[in-house]
Amino acid sequence: GPATVKELSSKFGREVSEIIKKLMVLGVMAGINQEVDIETASILGSEFGITVEELPPAEDPTEIPEIEDSPESLLPRPPVVTIMGHVDHGKTSLLDAIRQTNVTAQEAGGITQHIGAYQVNYQGKKVVFLDTPGHEAFTAMRARGAQVTDVAILVVAADDGVMPQTIEAINHAKAAKVPIIVAVNKIDRPEANPDRVTQQLTEHGLVPEQWGGDTIVVPVSAHTKAGISELLEMILLVSEVQDLKANPNRLAYGTIIEAQLDKGRGPVASVLVQKGTLHIGDTIIAGTAFGKVRAMVNERGEKLKKAPPSTPVEVLGLSDVPQAGDILVAVDESTARAVAEKRFAKKRTDEMNQVQKVSLDDLFSQIQEGKLKDLNIVIKADVQGSIEALRQAFAGLQNKEVRVSIVHAGVGAINESDVMLASAANALIIGFNVRPDANSRKAAEAEKIDIRTYRIIYDVINDVEAAMTGMLAPEY
Ligand code: GDP
């Protein structure tokens, strides 16, 4: 990887100033902490009669190296879908409707249990639905670095239209770069006004195909089941374009979608297998938990011996309860044990050091170290007008080192979902005439998110600008 000027100076045994001068001759203007790529470093080395070789990146003892899958090893896998939208717009009802209309008679007799996701068969093709609706779960997983969703279904009630959480959901999906299919629900209701919904969506950048855009909009009713097949068809269509593939013939890699401690069975974790195949008896590690797969059960209560890509399964046999969003991998036993121990130790020190994500206080040093190119901001304000004013003011704040980027802006108090989004996007939160609620305060502490509240626009801009230039006065 690249090395800084300072590192090169010590490796070459030359003064920093000498390195900087030589770089200047090569047309590179560099500061002491600037990273120099390997090509430039080689040329520089040859000037001093030193051969520069790139070393493989140092292994992080808390990471398990990812297995590279060759293109030939990849086979098609089913899409994974998340349903998002405003409260009461019908997310749960839609999940139930999809499930009911797509189980065979024989399956319908079985007991279904909640394992955080389920698989349906539609026209011989499988589709996986995460059934923890709402973008909280989605964003909580993303905050931990997990990307499990291939397609987002945005549910909007035809009798209620676009609401604050609809907009949140749109921004969450966009931030994750996940394609959105809109399901305009409750079209059976007499007050339903799907055209108004379409109009409102357009205002939020989702222009329907009928109107010349590229957003697929499907009118549905979770109650009458109208439009459910069309919705599934559209999911298959969108995922076909994505060309989703995974190698089933390797050790498993997946994401924990839910986990809890069961009195009788011990730690129980629902896993979405994403690559490889998970087998009974495999040694696994997820977060700081590890163990051997003792049993696997699907959402119909059936025992499984193996789980290929895009299979949600409940796994028994972990030593401890992992967290939703933790990555689960199958490895050999000694690695599992050693890495789990290292992770546990690291968790301890991290907790002690309390690593802060982006904050105004250390913004300047992060920019200087070249760690930060985008200053991501979540804005919550009392009225839409304030949001617009802040947007415009921020637009004027770009400098060449860092770009201000607004990940989400909404009216209302700062809530837990804002904090999770900020955590996923490494953003700071600015509240204008609004305050964080108790839950979000707790979440911000846990996620190390900087929340700043203001009453005067000038103060917001002043603080952000000062932080960008390293002139921020310390807060007391
Ligand atoms: P969620 O909060 O988004 O999960 O919404 P729910 O699925 O709990 O639905 C909220 C309410 O809307 C419930 O009373 C549902 O019965 C009702 N509902 C959901 N879908 C439909 C629909 O297609 N038509 C009608 N008329 N009501 C619906």
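Counting begins at 1 with the first residue of the sequence. Every number for a ligand or one of its atoms is a count from 1 in the order of the listing. Computation of the quantities below employed the complete heavy-atom set of this structure, encompassing side-chain atoms and omitting hydrogens, waters and symmetry-equivalent molecules. This one's a predicted model, so the numbers in the text were calculated from it and none came from an experiment.
Salt-bridge check for E416 with K442: failed, with every basic side-chain N at 4.0 Å or more from each acidic carboxylate O. We find that K380 and D418 are joined by a salt bridge, their nearest charged nitrogen and carboxylate oxygen being less than 4.0 Å apart.
Atoms of ligand 1 lying under 4.0 Å from any heavy atom of H86, numbered from 1 in the order shown and given with element: 3 (O). Interface of S93 with ligand 1, defined as ligand atoms under 4.0 Å from a residue heavy atom, comprises 6 (P), 7 (O), 9 (O), 15 (C), 19 (C), 20 (N). Near S221, the atoms of ligand 1 lying under 4.0 angstrom from a non-hydrogen atom of the residue are 23 (O).
No N or O atom of L94 sits closer than 3.5 Å to an N or O atom of ligand 1. Considering backbone and side-chain N/O atoms, H223 comes within less than 3.5 Å of an N/O atom of ligand 1. At under 3.5 Å, a nitrogen or oxygen of G90, whether backbone or side chain, sits near a nitrogen or oxygen of ligand 1.
Proximity of K186 to ligand 1, defined as any heavy-atom pair under 4.0 Å, is shared by backbone and side chain alike. Residue-level proximity to ligand 1 for V220 is absent, since no heavy atom of it falls below 4.0 angstrom. Both the backbone and the side chain of D88 come within 4.0 Å of ligand 1, judged by heavy-atom distances.
In summary, of the residues considered (V329, I64, I67, T283), a side chain to side chain contact (heavy atoms under 4.5 Å, CB included) with L251 occurs for I67 alone.
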#### Entry: Stepwise salt bridge (Lys or Arg N to Asp or Glu O under 4.0 Å) test for R452 and D450
CA-CA 7 Å; R452 302 258 169 165; D450 190 12; 3.3 Å; yes

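Taking the side chain as every heavy atom from C-beta outward, V217 and E209 never approach each other to under 4.5 Å.
Residue pairs satisfying the salt bridge (Lys or Arg N to Asp or Glu O under 4.0 Å) criterion with at least one member in residues 148-163, sequence neighbours excluded, are listed as follows: R77-D150, D159-R189.
Checked against side chain to side chain donor-acceptor pair (under 3.5 Å), E388 has the following partners two or more places apart in sequence or in another chain: Q384.
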